[in-house]
Structure formats: C-alpha cells, structure tokens
Trainee: 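Sharing a structure with you now.
Keep in mind the model is a prediction, meaning the values are calculated, not measured. In what follows, chains are A, B, ... by sequence order, proteins preceding strands, each numbered from 1.
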Number of protein chains: 2
Amino acid sequence: MKKSKSREISRPTAERLTEYLLILEQHLSCGNETISSKELSDVFGNTPSQVRQDLFQLENTGRIRHGYNVKTLTMAIRNRLGLGNITNLAIIGCGKLGSAIAEHVPFSVYGIKLAGIFDNHKSIIGKKVGGIMVENVKDLEKSLRKRKISIATLCVPPSAAQEVADKLVSAGGVRGILNYTQKRLKVPDNIVVRDRQIVCSFMQLAFFSNQGV
Amino acid sequence: MKKSKSREISRPTAERLTEYLLILEQHLSCGNETISSKELSDVFGNTPSQVRQDLFQLENTGRIRHGYNVKTLTMAIRNRLGLGNITNLAIIGCGKLGSAIAEHVPFSVYGIKLAGIFDNHKSIIGKKVGGIMVENVKDLEKSLRKRKISIATLCVPPSAAQEVADKLVSAGGVRGILNYTQKRLKVPDNIVVRDRQIVCSFMQLAFFSNQGV
DNA sequence: TAGATTGTTAATCGATTAACAATC
DNA sequence: TAGATTGTTAATCGATTAACAATC
C-alpha cells in the first residue's frame with residue numbers, strides 16, 4: 001500500500017490501463033515481446049497519443065524507436081494500479097452469475113484473490129465453486145473479517161441487495177462493492193460502489209449501434 | 001429508426017441516461033410519481049446540474065418547481081435512446097454467464113428482445129433458457145438473418161471469440177457486439193463493439209477503493 | 001407571496017489531441 | 001545515416017459545473 005509517488009492518476013486513464021493489461025497479455029501470448037503505442041491503440045481503439053499520455057503516468061518503460069517491452073510494461077501498470085498487493089474478494093450470491101464470475105474470471109492473474117463465496121441456499125452451501133467452498137450468508141460478517149476481504153461483488157436478487165450491502169458495510173474492512181443487481185445501493189461515502197447493471201450495457205449497445213459512434 | 005431531430009447526444013450523457021432509467025423504475029416502484037434533479041443526482045452520485053444538463057438533451061419534460069414526472073421522463077429517455085423500437089438480441093454461448101444473462105436481465109422492459117441463444121454443446125441445444133430454445137451454433141448465420149438480429153453478446157470461451165465474431169459479421173445485419181470474453185476482437189469499422197471484460201471492473205474497483213475517488 | 005426547481009447559457013475544468021525534440 | 005517512435009509540453013476540444021432568469 002505504498003502511496004503513489006507522482007500525481008493522482010485520472011479515472012479514464014486508470015480504466016484504460018486495466019484494459020491495456022488484457023491486451024498486453026494477449027499480445028504476449030501471440031509471441032510478441034514488444035508493442036508500440038500505435039499497435040496498442042489499434043487494438044484498444046484509441047490513438048497512439050492517448051496511449052502515450054496514459055503510459056506517461058507510469059514510471060517510464062518505453063524505448064524510443066523500439067516501443068514498449070510487454071512484460072516490463074505489464075509490471076509497471078500493475079504496480080501503478082496497486083495490483084501488486086493481493087486484494088481479497090468476496091462474491092455474494094452463487095447463482096448463475098456469481099458462479100460464472102467465480103469460475104471464469106481470471107482474478108489471480110490480476111492481483112485479486114477470490115477469498116469467499118456466500119449464498120443462502122442449502123443446496124449449494126458447502127459445495128466448491130471456483131476452487132473455494134460456498135459459505136452460508138449468515139456467517140457473512142464474521143467470515144469477511146476473518147478472511148480480510150476488502151472488495152465484494154453483489155450477485156444476489158435485487159430484493160436482497162440493500163440488506164446484503166448493509167452487512168458488507170457493517171462488517172468493516174470492505175472498501176469497495178461491485179454491484180451487478182438492478183438496485184442502486186445506499187452506503188456511506190467512504191465505500192466505493194461501482195454499478196454494473198448489465199442491462200445498461202445492452203441499452204448502450206442498442207443506442208450506439210443505431211446512431212453512429 | 002427515426003433520425004434524432006436535435007444534435008447528437010454525447011456518449012457520457014447517453015450512458016447516464018440508461019442508468020437513469022433503472023433509477024426511475026426503482027423510484028416509481030417506491031410509489032413516487034415525481035422526481036427532482038436533486039433526488040436523481042443523489043441516487044446516481046452526480047450533481048443536479050449534470051442531471052438537468054443531461055435531461056436538457058430530451059424533449060423537455062420537467063415542470064419548474066415540481067420536478068419531473070417519472071413516467072413521462074422514462075418515456076422521453078426511451079424515445080431519445082431509440083428504445084421505443086424493439087432491438088433483437090442474440091446471446092452466443094449458453095454457459096453460466098450466457099444463461100445468467102438470458103434468465104436474469106430484464107431486456108423486455110428496456111426495448112430489447114432476446115431472439116436467439118446459441119451454443120455448441122449437444123446437452124443444452126434444444127433446451128429452453130430465458131424463455132427461448134437454445135440453437136446449434138452451426139445454424140448461427142442463417143438464424144441471425146431469419147430472426148432479424150441486430151445486436152449480439154459473446155459469452156463463449158476466449159478461444160472461440162474471434163471465430164464467432166467473424167460469423168456475426170458475415171451473417172450481415174448485426175451492428176453491435178457486447179464482448180464479455182477476454183479477447184479483443186477484430187471487426188470491420190461499421191460494427192460497434194463494447195468490451196466488457198469483467199475482470200477489468202474488479203481491477204478498477206480494487207484500484208479506486210484503495211486510492212480515493 | 002416566497003421559496004423551490006427547472007431550462008438554458010456561460011465559465012471552468014479536465015481530458016484528448018497535436019506537435020515536436022530527443023534519440024535509438 | 002535516415003526513419004521511427006517515445007517522452008513531454010502545448011493547444012484544442014468537450015464535458016462538467018456554476019449561475020441565474022423564468023415560473024410554478
């Protein structure tokens with residue numbers, strides 16, 4: 001949890017940096033050891049200038065004329081985003097969405113450790129999902145503390161969303177919530193909530209694919 | 001597919017408008033017939049000024065001193081975003097993520113019709129998921145045309161992503177792709193791709209919940 | 001009426017884009 | 001060497017915020 005030495009990183013830049021990480025991994029797995037700002041921007045869909053401006057926020061890693069070493073750049077981004085320190089994650093709700101996330105999202109590659117899954121259905125409590133055992137949501141607060149969990153994602157039915165959010169807050173230690181439920185949550189100001197209502201992505205796609213851009 | 005009468009709507013505004021729709025629905029279901037820019041911004045997490053600036057892009061619907069009628073405003077947003085006309089959607093890949101989306105996302109409320117689901121596993125082809133029958137992905141192109149599908153979402157393993165994307169493009173008619181796979185896609189410029197790699201949301205949450213904002 | 005809240009323009013802020021020297 | 005590409009500053013662009021008249 002080193003304090004960032006230079007100025008704050010802007011929100012749009014931080015968001016793009018996370019996406020660059022995936023592109024870099026893909027690029028590396030294709031056997032490329034270096035990448036230029038032009039190549040990266042072609043894949044991402046922005047401009048070389050913006051890529052360089054983003055990477056300028058890191059400890060410099062490029063070599064003029066040769067582009068960026070993919071591995072070096074990957075590490076620089078991870079460090080800048082604080083993904084070098086493991087962040088413990090809990091998934092609340094182990095229905096189809098929760099278990100899809102648990103099983104398919106490559107957390108460990110990006111500095112996140114899936115440290116707890118919770119549900120209220122007896123049929124699934126005790127089963128292993130994504131490599132760990134599903135716990136009873138009744139034990140949520142106690143277990144969150146025990147496992148030092150600092151971020152959580154809500155994959156429960158909308159009707160249970162606020163109630164679970166309240167527990168996440170009262171447990172202490174949870175600083176961020178990724179909310180996949182339809183409901184907007186009321187939480188204290190010091191808790192970061194990122195709303196990811198899936199249906200919004202579909203509406204946006206419908207709109208943008210109709211009216212250009 | 002009426003052409004928008006006034007100027008183009010900006011990307012950030014369009015994205016927020018889709019989220020306002022969910023908030024309005026929630027607000028209405030709590031028994032409130034009107035909402036002020038202050039109330040809406042409190043829930044969304046922005047400012048009354050920004051809300052009014054966003055809503056200024058619509059046919060005006062507010063009443064000074066009384067705020068906005070929730071139903072009227074909802075319809076105005078839907079119309080402005082073109083969600084009045086039904087958009088036909090296909091889900092490609094009926095694993096946990098694909099079926100979670102098919103079953104839990106309330107498409108029909110927001111002008112989107114789930115018109116096709118495709119997979120390559122015999123065990124699930126022919127079964128009903130989210131109210132419609134899973135088809136063999138081998139019939140993808142033919143079926144996309146038959147069902148007049150214009151947007152699609154990729155919920156397949158990364159290894160199959162580009163291949164399926166190519167089919168979506170070659171089928172014709174598909175204008176937008178929501179990509180939940182880890183892979184970046186290569187598609188022609190006239191196809192809108194929105195990348196929604198879930199792991200990025202988690203990285204962003206980890207970052208933002210550490211370093212303020 | 002007075003207070004509240006919108007509609008709308010103007011000012012500010014921040015992000016993107018452009019430019020170019022440095023240099024490999 | 002000449003050409004390519006970064007690092008970095010400056011210019012532009014667009015989005016957010018502020019302000020306030022209109023008015024219910």
Trainee: How would you list, by chain and number, every residue that makes a salt bridge (Lys or Arg N to Asp or Glu O under 4.0 Å) with Arg16(A), sequence neighbours excluded?
Mentor: Asp54(A)
Trainee: Here's a test of your reading of the structure: between Pro48(B) and Asp54(A), which maps to the more 5' nucleotide of DNA chain C?
Mentor: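 Looking at DNA chain C, the more 5' nearest nucleotide goes with Pro48(B).
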Trainee: Could you go through Ser41(A) and Gln50(A), starting from their C-alpha distance and side-chain angles, then the distance that decides it, and tell me whether this counts as side-chain hydrogen bond (donor to acceptor under 3.5 Å, both in side chains)?
Mentor: CA-CA 8 Å; Ser41(A) 68; Gln50(A) 186 174 70; over 6 Å; no
Trainee: Run the salt bridge (Lys or Arg N to Asp or Glu O under 4.0 Å) test against Asp42(B) and tell me which residues pass, sequence neighbours left out.
Mentor: Lys38(B)
Trainee: Mind checking salt bridge (Lys or Arg N to Asp or Glu O under 4.0 Å) for Lys96(B) and listing every partner two or more places apart, or none if nothing turns up?
Mentor: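 In terms of salt bridge (Lys or Arg N to Asp or Glu O under 4.0 Å), with neighbours along the sequence ignored, Lys96(B) is linked to Glu103(A).
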Trainee: Any donor and acceptor pair, going by atom type alone, linking the side chain of Asn210(B) with main-chain N or O of Ala206(B) inside 3.5 Å?
Mentor: yes
Trainee: Which residues in residues 67-75 of chain A have at least one heavy atom lying under 4.0 Å from any atom of DNA chain D?
Mentor: Gly67(A), Tyr68(A)
Trainee: Please tabulate, for the side chains in residues 190-200 of chain A, all donor-acceptor contacts under 3.5 angstrom to protein atoms that are two or more places apart in sequence or on a different chain.
Mentor:
unit_1, atom_1, unit_2, atom_2, d
Arg194(A), NH2, Glu15(A), OE2, 2.9
Arg194(A), NH2, Gln204(B), OE1, 2.8
Asp195(A), OD1, Asn179(A), ND2, 2.9
Asp195(A), OD1, Gln197(A), NE2, 3.0
Asp195(A), OD2, Arg184(A), NH1, 3.1
Arg196(A), NH1, Ser201(B), OG, 2.4
Gln197(A), NE2, Thr181(A), O, 2.9

Trainee: Can you see whether Thr74(B) engages Glu25(B) through a side-chain donor-acceptor pair at a distance of less than 3.5 angstrom?
Mentor: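 The answer is no; no qualifying pair exists.
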Trainee: For Gln50(A) and His66(A), find the nucleotide of DNA chain C closest to each by heavy atoms; which residue's nucleotide sits nearer the 5' end?
Mentor: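 Closer to the 5' end of DNA chain C: Gln50(A).
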Trainee: If you take any heavy atom closer than 4.0 Å to DNA chain D, which residues from residues 13-20 of chain A end up in contact?
Mentor: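 When residues 13-20 of chain A is checked for heavy atoms under 4.0 Å from DNA chain D, there are no hits whatsoever.
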Trainee: Would you name the heavy atoms of Phe202(B) and Ile151(A) that are closest together and state the gap between them?
Mentor: O-CD1, 4.3 Å
Trainee: By salt bridge (Lys or Arg N to Asp or Glu O under 4.0 Å), which residues pair with Asp119(A), not counting sequence neighbours?
Mentor: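 Checked Asp119(A) against salt bridge (Lys or Arg N to Asp or Glu O under 4.0 Å); zero matches.
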Trainee: State which residues pass side-chain hydrogen bond (donor to acceptor under 3.5 Å, both in side chains) with Ser10(A); sequence neighbours excluded, sorted by chain then number.
Mentor: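 Ser10(A) satisfies side-chain hydrogen bond (donor to acceptor under 3.5 Å, both in side chains) with Thr13(A) only.
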Trainee: Any stems for DNA chain D, made of 3 or more Watson-Crick or G-U pairs in a row, each with both distances under 3.5 Å?
Mentor: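 Stem list for DNA chain D: C:3-24 with D:3-24.
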Trainee: For the NZ atom on Lys113(B), are there more than 12 heavy atoms of other groups (residues, nucleotides or ligands in this structure) within a distance under 6.0 Å?
Mentor: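 Atom NZ in Lys113(B) is not packed in, count stays at 12 or less.
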Trainee: When we call it a touch if two heavy atoms are under 4.0 Å apart, what does Thr47(B) touch: a base, just sugar-phosphate, or nothing?
Mentor: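 Touches sugar-phosphate only.
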Trainee: Touch check for Arg63(A), heavy atoms < 4.0 angstrom, all strands: base, sugar-phosphate only, or nothing?
Mentor: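 Result for Arg63(A) = sugar-phosphate.
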Trainee: If you round to the nearest 0.5 Å, how far is CG of Leu73(B) from CG of Leu40(B)?
Mentor: 7.5 Å
Trainee: Specify the residues of residues 25-41 of chain A, ordered by number, for which at least one heavy atom lies under 4.0 angstrom from an atom of DNA chain D.
Mentor: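 Listed by number, they are Ser36(A), Ser37(A).
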Trainee: Using side-chain hydrogen bond (donor to acceptor under 3.5 Å, both in side chains) as the criterion, list what pairs up with Thr72(B), not counting sequence neighbours.
Mentor: Asn69(B)
Trainee: Contact boundaries of DNA chain D with chain A (under 4.0 Å, heavy atoms), 5' to 3'?
Mentor: dG3(D) to dA10(D)
Trainee: Rounded to the nearest 0.5 Å, what separates atom CG in Leu83(A) from atom CD1 in Ile112(A)?
Mentor: 6.5 Å
Trainee: Any idea which heavy atoms bring Ala115(A) and Ile132(A) closest together, and the distance?
Mentor: C-CD1, 3.8 Å
